[in-house]
Amino acid sequence: MPELPEVETTRRGVAPRVVGRRVTAVRVYDRRLRWPVPADLAKRLKGRTIERVDRRSKYLLFRIDGGTLLVHLGMTGSLRAYSDAPTRRAHDHVDLVLDDGTTLRYHDPRRFGAMLWIAPADEPHPLLRDLGPEPLEAAFTDEHLWHVTRGRRAAIKLALMDNRLVVGVGNIYANEALFRAGIRPTIAAGKLSRARLARLAQAVRTVLGEAIAKGGSTLRDYVDSEGARGAFQLTHYVYARQGSPCRVCGTPIRQVRQGQRSSFYCPTCQR
DNA sequence: CCGGACGCCTGTCGGC
DNA sequence: TGCCGACAGGCGTCCG
């Protein structure tokens, strides 16, 4: 589900609801996420204040005095802040209750997400240690993308989705960025010229930026911290549009498999 | 090191 | 109507 724009939208929605608040109760309904929710999570959090909410890649990092609560939304996860939480429904797994009565609820049908505690002694955490640059920060330069793709025979789309090269770009936005850059997803990364990679880096920035502005993409499950769906899916050029006419030239969009995932491209606009 | 495939899990959809 | 396989916003892990 959530790629960088959806996680960032969640962060922006959640932060003002939780920062400065003290955790008064923790309810774990189901510990069976990607890794078990720590048995002592309540002990770590209760009585502590949430000081900040950061994002690194697709991880949400709740900075709390004494450590960090790491939350990943996996494919189908969502975090919602309720002033008046309804009774627990199917796939609601964890509640954090705050001192003003707000309930921060983690919901995830497929349970590919995670909720972990990072103590200061665990830093740098293995999940965060080897991540590449943030695509919307200065470290993600044309030069960087060129450098890390030299000698790579893997397809450019798979390279874009490799978190060691650049983070946050999942299946939707990899496809959309490649369309905007006019690059076929199947081309070997190492064969692309500096100029084409510069165009791709720019496409990644603009696609992610526009998606954040529209609250992300909602295909099925994703909702933001207030329960609202994203709108960016309405402007997808290729993702899930196989057989439909390209919005630019009218050629039917093609679908292929790469690395067990679907790729979509316009055979005319992308070479 | 690199590249590719496999699970993890539930829900949905299309074909028979 | 029911059953069955394929597929879905991710990613750590294992294999060659």
Side-chain angles (χ1 to χ4, degrees), chain A residues 1-11 29-37 55-60 70-79 89-93 106-116 125-132 135 147-178 185-191 204 207-208 211-212 214-224 229-236 238-243 255-264:
Chain A
M1 86 120 188
E3 300 182 39
L4 188 149
E6 293 76 30
V7 178
E8 178 61 19
T9 299
T10 297
R11 188 193 70 78
Y29 303 109
D30 194 338
R31 308 180 31 179
R32 300 172 303 157
L33 301 185
R34 170 142 203 192
W35 298 282
V37 176
R55 179 188 57 73
R56 175 72 175 106
S57 185
K58 298 170 191 169
Y59 297 97
L60 288 168
L70 174 151
V71 177
H72 194 285
L73 303 177
M75 290 274 268
T76 54
S78 54
L79 264 186
R89 291 189 278 258
H91 312 304
D92 291 340
H93 305 310
Y106 181 79
H107 173 93
D108 186 1
R110 287 174 75 180
R111 290 189 278 115
F112 284 179
M115 197 169 287
L116 298 173
H125 195 275
L127 289 174
L128 307 176
R129 199 178 46 210
D130 301 321
L131 295 172
H147 182 71
V148 297
T149 52
R150 289 314 86 192
R152 293 300 192 101
R153 282 172 303 164
I156 184 61
K157 189 203 172 216
L158 299 178
L160 262 190
M161 294 177 67
D162 183 338
N163 282 333
R164 292 166 305 184
L165 307 193
V166 59
V167 301
V169 185
N171 204 28
I172 294 177
Y173 300 108
N175 279 295
E176 294 298 311
L178 285 163
T186 49
I187 294 180
K191 288 204 154 182
V204 167
V207 153
L208 295 177
I212 291 170
K214 289 190 183 301
S217 300
T218 296
L219 306 182
R220 276 169 290 275
D221 306 279
Y222 173 73
V223 290
D224 69 16
R229 298 164 58 84
F232 190 72
Q233 70 279 5
L234 302 173
T235 67
H236 289 175
V238 289
Y239 185 82
R241 295 195 66 247
Q242 67 277 17
Q255 176 174 13
V256 295
R257 293 296 280 181
Q258 288 184 281
Q260 323 292 95
R261 316 292 295 274
S262 284
S263 296
F264 307 90

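Proteins get letters first, then strands, A, B, ... in listed order; numbering begins at 1 in each.
- Annotation: C/dA6 and B/dA5 have their P atoms spaced 16 Å apart (nearest Å).
- Aromatic ring pairs are classed by plane angle as parallel below 30°, tilted from 30° to 60° and perpendicular above 60°; the pair A/Y173 and A/F232 is tilted.
- Mapping A/R153 and A/A90 onto DNA chain B via the closest heavy atom, the residue that lands nearer the 5' end is A/R153.
- Ring-base stacking between A/F112 and B/dC8 is satisfied, the centre separation being under 5.5 Å and the plane angle under 30°.
- The A/R257 side chain lies nearest to C/dA8 when the options are C/dG10, C/dA8, B/dC6.
- Taking every side-chain heavy atom of A/S262 into account, C/dC7 is the closest of C/dG12, B/dA5, C/dC7.
- Counting only Watson-Crick and G-U wobble pairs whose two key distances fall under 3.5 Å, DNA chain C forms stems of three or more stacked pairs at B:2-8 with C:10-16, B:10-16 with C:2-8.
- Between A/Q260 and the phosphate of B/dG4, there is no side-chain N or O to OP1/OP2 separation shorter than 4.0 Å.
- DNA chain B is contacted by both A/L158 and A/R220; A/L158 maps to the nucleotide lying nearer its 5′ end (nearest heavy atom per residue).
- Residue A/R152 places at least one side-chain N or O closer than 4.0 Å to OP1 or OP2 of B/dC2.
- For A/R110 against B/dC9, a side-chain-to-base donor-acceptor contact under 3.5 Å is present.
- Between C/dC3 and B/dC9, the two P atoms lie 23 Å apart (nearest whole Å).
- Comparing B/dG11, B/dG7, B/dG3 by their nearest atom to the side chain of A/H91 picks out B/dG11.
- Closest approach to the A/R111 side chain among C/dG10, B/dT10, C/dC11 is made by B/dT10 (side chain taken as heavy atoms from C-beta onward).
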